[in-house]
Amino acid sequence: MPTLMLFAAVNLREVVIVYLLTLSMFFLVSWHSNKKNIHLVLSLLLALLGGAFHTGLILSLIVSFAILFASRFIQYFIKFLFTRKTVLLSLLRYMVIFAAVVFLATLVVLSGWGLSRLGGDISNLSAEQVIQVQQRFEDSDAKYLINLRATSLFDFVWQAPIRLIFFLFTPFPWQIRGITDLVSQIDVLVNVYLAVSLYKSRQLIASKPAAQALVVILISCILVFATSTSNSGNALRHRSKFSPIAICLLASPDSRERVEKFKQIRFYRRNVES
């Protein structure tokens, strides 16, 4: 991933953010596999540490973890209504986890943890605040959608798909103005490949709870950053934070099985040739 190599080679906070976020997702997947509570605790704590470096990240992680465990609680609650005791333990587990996430979110709000862009107070979050963030780099040649302003919640909703496309795939070929934009097309092509591959793997991802969790967090984080970004340079830097999550979603057991089959075919051919 060219962008990850670039930001890993310079002294930027992206290095710490990407490391902590990816490690958090690693422990979240591990928890889905072995149900060791310590892994879930580590995942939440690492997410908080990573979010301390960026207000947008801490907000998106709070929202995504809340959505994730609230949806799981509702899922098992519906099952409990029909099956009673068979899912009672899972229902209680997700109820406790959701309560823990709400407790951590409350601590973040009260303490101002990672909310430096909002002056340490969540009450400063508003449509006007988001627009100010969007306007920060309007003088840059890499600006986009500068006339697309949200004045209501409905505007944020219908503008989200448009901003999502620009966030993930800019600069477009017709926006190339120099060598920097040309080189950034490598990152764009990788993102196109990841998006297409994830879509093709949707059935496999839907069958795995850990993969579903990563998808919820990935989409939530990307939507938050896409909403507040109007510059292709910033978009390239921000979306690199989430590239490891997208890549891990494609590193499935199904992929490993294909690799093993390929190795077996090569081994068989070598034996035949010998």
Give the cluster check for [X] versus [Y]: same hydrophobic cluster or not, with ILVMFWY residues linked at side-chain heavy-atom distances below 4.5 Å.
| X | Y | result |
| --- | --- | --- |
| V109 | V102 | yes |
| L59 | L110 | no |
| Y19 | V15 | no |
| L164 | F154 | yes |
| V196 | I165 | yes |

Donor-acceptor pair, [X] side chain versus [Y] backbone, under 3.5 Å?
| X | Y | answer |
| --- | --- | --- |
| R237 | N234 | no |
| S197 | L194 | no |
| S43 | H39 | no |
| E14 | S240 | no |
| S24 | L20 | no |

Measuring only between side-chain heavy atoms, which start at C-beta, is [X] closer than 4.5 Å to [Y]?
| X | Y | answer |
| --- | --- | --- |
| S30 | K36 | no |
| L40 | I97 | yes |
| K143 | S230 | no |
| F103 | F98 | no |
| T229 | R239 | no |
| Q212 | R72 | yes |
| V224 | V63 | no |
| Q185 | P173 | yes |

Taking every non-hydrogen atom, the tightest pair across [X] and [Y]:
| X | Y | answer |
| --- | --- | --- |
| I62 | A105 | CG2-CB, 3.7 Å |
| G51 | I58 | O-CB, 3.5 Å |
| V188 | P171 | CG2-O, 3.9 Å |
| A235 | T170 | CB-OG1, 4.3 Å |
| S243 | L4 | CB-CD1, 4.2 Å |
| L198 | A246 | CD2-O, 4.0 Å |

side-chain contact (heavy atoms from CB on, under 4.5 Å) between L57 and F225, intermediate numbers included: CA-CA 8 Å; L57 185 61; F225 277 83; 4.1 Å; yes

Residues S228 and R163: side-chain donor-acceptor under 3.5 angstrom: no

Within this structure, what is the [atom1]-[atom2] distance for the pair [X] and [Y], rounded to the nearest 0.5 Å?
| X | Y | atom1 | atom2 | result |
| --- | --- | --- | --- | --- |
| I245 | C221 | CD1 | SG | 6.0 Å |
| F77 | L91 | CZ | CG | 7.5 Å |
| L107 | W113 | CG | CH2 | 11.0 Å |
| L28 | L214 | CG | CG | 6.5 Å |
| S201 | L250 | OG | CG | 5.5 Å |
| K241 | L21 | NZ | CG | 9.5 Å |

Parallel, tilted or perpendicular, as decided by the 30° and 60° cut-offs, for the rings of W31 and F69: perpendicular

S60/S220 under side-chain hydrogen bond (donor to acceptor under 3.5 Å, both in side chains): CA gap, chis, key distance, verdict: CA-CA 6 Å; S60 56; S220 300; over 6 Å; no

Would you say the ring centroid of [X] lies under 6.0 angstrom from that of [Y]?
| X | Y | result |
| --- | --- | --- |
| H238 | H54 | yes |
| F166 | F172 | yes |
| Y76 | Y94 | yes |

Surrounding [atom1] of [X] (heavy atoms of other residues, nucleotides or ligands, distance under 6.0 Å), is the total greater than 12?
| X | atom1 | result |
| --- | --- | --- |
| F169 | CZ | yes |
| K35 | NZ | yes |
| F26 | CZ | no |

